[in-house]
There are 2 protein chains.
Amino acid sequence: MSYTISEAAQKTGLPPSTIRFYDKEGLLPNIKRKNGIRVFEDMDLRLMGLLTCLKNTGMPIKRIRDYVELTSKGDDTLQERYEIIKAQRQFVLDQIEQLQYYLEELDFKDWYYNKALAAGSESAINLDDYEKETGKKAPDDPNRRD
Amino acid sequence: MSYTISEAAQKTGLPPSTIRFYDKEGLLPNIKRKNGIRVFEDMDLRLMGLLTCLKNTGMPIKRIRDYVELTSKGDDTLQERYEIIKAQRQFVLDQIEQLQYYLEELDFKDWYYNKALAAGSESAINLDDYEKETGKKAPDDPNRRD
DNA sequence: TTATTTATTAAAGTTAACTTTAAGTCAAGG
DNA sequence: CCTTGACTTAAAGTTAACTTTAATAAATAA
């Protein structure tokens, strides 16, 4: 199945301008052309899915291009490509861990505002209650007056 | 306890230039000054911790400033601040979910390159093996030739 | 055939979040 | 007192990842 750029945009969720930008940056090698107009195949759409994965997990475009270029060089580059994927996988694991840490900070704030709203004032809050009520340790509260 | 900007930088992990930038952007209200020089208190450092949490979970600086400004307006703004925190908390949950989805794509790639390296070539890979070996569904592979 | 829509390019513009620079001020050690 | 290092500001510069513009060409509908 073949697609125009606007169909590819539809299918991938990327605007046509971004697809052209990625093409120009070398992220989409071997896109076919018919009278100068890009013709996308399913393989291209699947590649864009991988690009989106790498991009949305924080890989810079330069590095994505490196990966794509290695891919087109064939089996000689398997090890190098594997290292890139492994590193990115670990990077995602680290990000999840960090987000889970930040989530705890926000959980505390959620508790804090629930308490404050129930009492009508922040000044009524006893931070020790957080550990008593949730079993979790309260993170440092910016509003605490030392 | 009081700190200079470089001590605050040390403690928060933010460079002094960034702390000054945040101050200028209104993210650090009421920083004390002594002869024009900033004097940071523990409360300020804890606020910076919250800023880092909000920033690193994707909140734009403008919105962080809104939140900080509401905070300094007192109990009248509790509900509004709570909405911001609730939304950010949900945003973090969504991010974690998305990262877990992308992780599956990278898990597949990890499997793929292990197989390819063992066989010495990508062409030897049978994608059906992924589901057989891991019980997980293989995501679309960009290298598949339809 | 003509009009409209969709495609193309190169180049310039945008945005967020800093960072660097330059010129000057303050504080501490010798 | 003088030098050295840390602090100050405003303003300009940087970077990544796009987006917009303008001018043009190809495809599609009437």
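Sequence lines set the chain letters: A, B, ... in the order given, protein chains first and strands last, and positions in each chain run from 1. None of these values were measured; they are calculated from a predicted model.
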Please list, for nucleotides 11-17 of chain D, all pairs of protein and nucleotide N/O atoms separated by less than 3.5 Å.
from	atom 1	to	atom 2	distance (Å)
D:dA17	OP2	A:Ile61	N	3.3

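OP1 or OP2 of C:dA7 sits under 4.0 Å from a side-chain N or O of A:Ser6. Phosphate proximity of D:dT20 to A:Ser17: absent, as no side-chain N or O sits under 4.0 Å from OP1 or OP2. Between A:Asn35 and C:dA7 there is no side-chain polar atom (N or O) within less than 4.0 angstrom of OP1 or OP2. Residue A:Arg20 has no polar side-chain atom (N or O) positioned under 4.0 Å from OP1 or OP2 of D:dT20. Checking the phosphate oxygens (OP1, OP2) of C:dA7, no side-chain nitrogen or oxygen of A:Arg38 falls inside 4.0 Å.
One atom, CD of B:Glu7, and another, P of D:dG5, lie 18 Å apart when rounded to the nearest Å. Rounded to whole Å, the distance from OH on A:Tyr3 to P on C:dA7 is 15 Å. B:Asp23 has its CG atom 15 Å from the C1' atom of C:dC18, to the nearest Å. Protein atom CZ of A:Arg33 is 14 Å distant from nucleotide atom C1' of C:dT6, rounded to whole Å. Across the protein-nucleic acid pair, B:Lys34 atom NZ and D:dT8 atom P stand 14 Å apart, rounded to whole Å. In this structure, the NZ atom of B:Lys32 is 18 Å from the C1' atom of D:dC7, given to the nearest Å. We find that CD1 of A:Ile37 is positioned 7 Å from C1' of D:dA27, with the value rounded to whole Å. The distance between atom CD1 of B:Ile19 and atom C1' of D:dT8, rounded to the nearest whole Å, is 14 Å.
The only member of B:Glu7, B:Met48, B:Lys11 that meets side-chain contact (heavy atoms from CB on, under 4.5 Å) when paired with B:Phe40 is B:Met48.
Of the residues in residues 44-52 of chain B, none lies under 4.0 Å from DNA chain D by heavy-atom distance.
Under a hydrophobic-cluster definition in which Ile, Leu, Val, Met, Phe, Trp and Tyr are linked whenever side-chain heavy atoms come within less than 4.5 Å, directly or via other members, A:Tyr102 and B:Leu14 are assigned to different clusters. Note on A:Trp111: it clusters hydrophobically with B:Ile85, by side-chain heavy-atom contacts below 4.5 Å among ILVMFWY residues.
Between B:Tyr130 and B:Phe108, the ring-plane angle classifies as perpendicular under the 30° and 60° cut-offs. Between B:Tyr113 and A:Tyr82, the ring planes lie tilted relative to each other; the angle falls in the 30° to 60° range.
Comparing C:dT8, C:dC26, C:dT19 against the side chain of B:Pro15 picks out C:dT19 as the nearest. Minimum atom distance to the side chain of A:Ile5 is reached by C:dA7, of the listed C:dA7, D:dT8, C:dT9.
Remark: B:Asn30 CG is loosely packed, at most 12 non-hydrogen atoms of other residues, nucleotides or ligands lying under 6.0 Å away. Annotation for B:Glu97: atom CD does not count as buried by contact number, only 12 or fewer foreign heavy atoms lying within 6.0 Å. Heavy atoms from other residues, nucleotides or ligands lying under 6.0 Å from CD of B:Glu131 number more than 12.
B:Pro16 comes within contact range of no nucleotide atom at all, as no heavy-atom separation falls under 4.0 Å. Using a 4.0 Å heavy-atom criterion, one finds that A:Thr18 contacts the sugar-phosphate atoms exclusively.
Side-chain contact check for B:Gln95 and B:Thr57: no donor-acceptor pair (N or O, by modelled atom type) lies under 3.5 Å.
Seen from the ring of B:Phe21, B:Lys24 does not count as a face-on cation partner, given the 6.0 Å and 45° thresholds.
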